[in-house]
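The structure appears right after this line, and notes come after that.
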Amino acid sequence: MTALGDLIDIDDGTVLVLGRELDLAHDQPDVGNALVHRAGETLVVVDTGVTTAFRAALRTAADRVGPWSRALVLTTHGHPDHVGNNDLADELGVPVEHYVPARDLDQMRDPESYWVRSFERIAWAAPLPAPALAAKVVSLFEPMRPFAATTRTYEELPLELIRIGSLRFTGWTFADGAVRVLRSQGHCAGHVIVHLGDCGVLHLSDEGNGACGAMYDADQVKIQTVLGAVARLFEEGEAAILTDGHTFALRRGAEAVSHLDGLLEQATALQAAALGLTGGNGRVRPSAFTGRYAQAVADGGVGGANPNPMFTAMMALNELGELGLRPEPGADADTPWSRPALRQEGSP
């Protein structure tokens, strides 16, 4: 068993700080894992989680990897379980830089609106109206301080072409190239992953949450592309240890490749199942489809971070979109989805 704030030593200069799972029934917020690493004289903190207890664990980890004379705080994406303690950057007592993805700024400033948009899509599966549910969920993460005095966006820096082994990424490098921030943008619009060259850690954050993204701004193709690219890095020996935002363990070498391949296999199996569930005419009502899709998820042993009926419903809608279905006109969230006509009426 692990507990919030437990530390896993990766090497003398790198620590994984463990978060915890979401438990809506008991009003418990989830907390994303964080990495604390020393690159030369620079303290590197990848995500800051949320809660005062996790904040204390970050300080303990920072002391453990020291000494350091400057700091770099990197935010992988704007979800509240990863950004709540970002103002820790102001308390480190050394020159510090803090970077966040520009495409996630709106949700960091106004998380309720982001979650309203997510929950409105699944009104039939939500226990409360979207505004009330969003307010309740966001309240679990208070106090939430996503910005520090030094916060900037990655996109204010010149974009770099980053070569790792046989692969090319775009992103940004820090600490004389020892820290690489790679754009992925699958789990949500601004998401990045982080490669720590000194210790061989590749931190997926939430790109590895499961076989299908749940959020309305998730991009399934980008999720699958980054999973495949990261597997190649491990096969080529360019990465040695895989960490992520919600798995409370380390995966090394072949185990990491097997895990990533498993996620990709689950993704293809789920989409095949979803195609079968749409029926011959490809017209489905989301609430009915979601029930059958949830059974396919269970039958396939599909895992993922924070499984619950609402997230499964959000995944189901994303699967429908991936299959080319769209909501028919109507104000009801449960209006049927179908494939758009290939030709307009009257066209030859």
Side-chain angles (χ1 to χ4, degrees), residues 2 16-24 28-35 46-47 49-50 75-83 101 103-104 107 111 114-115 118-119 121-122 137 141 182-194 202-231 242-251 256 258-271 274 293-294 296-298 300-319 321-322:
T2 63
L16 180 67
V17 186
L18 300 186
R20 70 180 176 199
E21 295 181 347
L22 178 69
D23 186 350
L24 288 175
Q28 174 181 288
D30 59 330
V31 181
N33 299 334
L35 273 173
V46 182
D47 287 341
V50 71
T75 293
T76 62
H77 64 293
H79 289 165
D81 54 319
H82 293 260
V83 305
R103 295 184 67 188
D104 286 354
Q107 63 156 301
Y114 179 84
W115 288 95
S118 296
F119 293 147
R121 304 167 71 221
I122 56 159
V137 168
F141 295 88
L182 312 174
R183 297 197 300 172
S184 55
Q185 300 178 342
H187 175 68
C188 63
H191 203 290
V192 300
I193 63 176
V194 179
L202 192 294
H203 187 64
L204 269 180
S205 193
D206 285 9
E207 297 292 20
N209 270 10
C212 178
M215 308 311 299
Y216 78 85
D217 57 343
D219 187 313
Q220 309 308 321
V221 173
K222 290 180 179 178
I223 291 172
Q224 294 164 24
T225 298
V226 75
L227 294 178
V230 169
L242 182 69
T243 58
D244 62 43
H246 293 278
T247 296
F248 309 129
L250 310 177
R251 293 184 174 90
S258 177
H259 173 69
L260 296 165
D261 283 346
L263 289 174
L264 289 169
E265 289 164 2
Q266 288 182 352
T268 57
L270 269 183
Q271 192 165 105
Y293 180 80
V297 168
V302 175
N306 300 322
N308 64 66
M310 290 191 302
F311 282 4
T312 300
M314 292 157 68
M315 289 168 55
L317 291 189
N318 285 345
E319 291 281 15
E322 286 298 295

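Side-chain atoms of Y293 and L270, non-hydrogen and from C-beta on, do get closer than 4.5 Å to each other. Annotation: side chain of T243 is not in contact with side chain of V46 (no heavy-atom distance under 4.5 Å). Put simply, the side chain of T75 does not reach to within 4.5 Å of the side chain of H82, judged on heavy atoms. Looking at H187 and T76, their side chains never come closer than 4.5 Å, going by heavy atoms from C-beta outward. Residues N308 and L22 meet the side-chain proximity criterion, which asks for heavy atoms closer than 4.5 Å. Put simply, the side chain of D104 does not reach to within 4.5 Å of the side chain of V83, judged on heavy atoms.
When all heavy atoms of V50 and F141 are compared, the closest pair comes out as CG2-O, 3.2 Å. The two residues A256 and L242 make their nearest non-hydrogen contact at CB-CB, 3.8 Å. Here the closest heavy-atom approach between residue M314 and residue S118 is recorded as CE-CB, 3.9 Å. Minimum interatomic distance between L317 and I122 (heavy atoms only, all atoms of both residues): CD1-CG2, 3.9 Å. Closest approach of D219 to V221, counting heavy atoms only: OD1-N, 3.1 Å. Among all heavy-atom pairs drawn from P101 and H77, the shortest one is CG-CA, 4.1 Å.
Side-chain atoms of Q185 never come within 3.5 Å of backbone atoms of K222 as a donor-acceptor pair (strictly under, hydrogens ignored). Under the 3.5 Å distance criterion, the side-chain polar atoms of D217 are matched with a main-chain donor or acceptor of A189. No side-chain donor-acceptor contact under 3.5 Å links E207 to the backbone of L227. Side chain of Q220 to main chain of G213: a donor-acceptor pair is present (N/O by atom type, distance under 3.5 Å, no hydrogens or angles). In this structure, D47 contributes its side chain and G49 its backbone to no donor-acceptor pair below 3.5 Å. Within the 3.5 Å criterion, the main-chain N or O of N209 finds no donor-acceptor partner in the side chain of D206. Under the 3.5 Å distance criterion, the side-chain polar atoms of S184 are matched with a main-chain donor or acceptor of H191.
With sequence neighbours left out, the side-chain hydrogen bond (donor to acceptor under 3.5 Å, both in side chains) criterion links N318 to R121. By the salt bridge (Lys or Arg N to Asp or Glu O under 4.0 Å) test, D30 pairs with no residue at all, sequence neighbours left out. Under the salt bridge (Lys or Arg N to Asp or Glu O under 4.0 Å) criterion, R103 pairs with no residue, sequence neighbours left out. Applying the side-chain hydrogen bond (donor to acceptor under 3.5 Å, both in side chains) test to T247 and every residue at least two apart in sequence or in another chain returns D244. Shown here are the side-chain hydrogen bond (donor to acceptor under 3.5 Å, both in side chains) partners of D23, two or more places apart in sequence or in another chain: H26. Listed by chain and number, the residues in a ring-ring contact (aromatic ring centres under 6.0 Å, His included) with Y114 are H79, Y216 (sequence neighbours excluded).
Rounded to the nearest 0.5 angstrom, Q271 CD and E322 CD are separated by 6.0 Å. Atom-to-atom distance recorded for N33:CG and L204:CG is 12.0 Å, nearest 0.5 angstrom. From R251, atom CZ reaches atom CG of L202 across 13.0 Å, with rounding to the nearest 0.5 Å. Here the CG-CD distance, from L260 to Q224, works out to 12.5 Å after rounding to the nearest 0.5 Å. If you take CG on L263 and SG on C212, they are separated by 12.0 Å, rounding to the nearest 0.5 Å.
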Does the pair C188 and Q107 meet the rule for a side-chain contact (heavy atoms from CB on, under 4.5 Å), with working shown?
CA-CA 10 Å; C188 63; Q107 63 156 301; 4.2 Å; yes
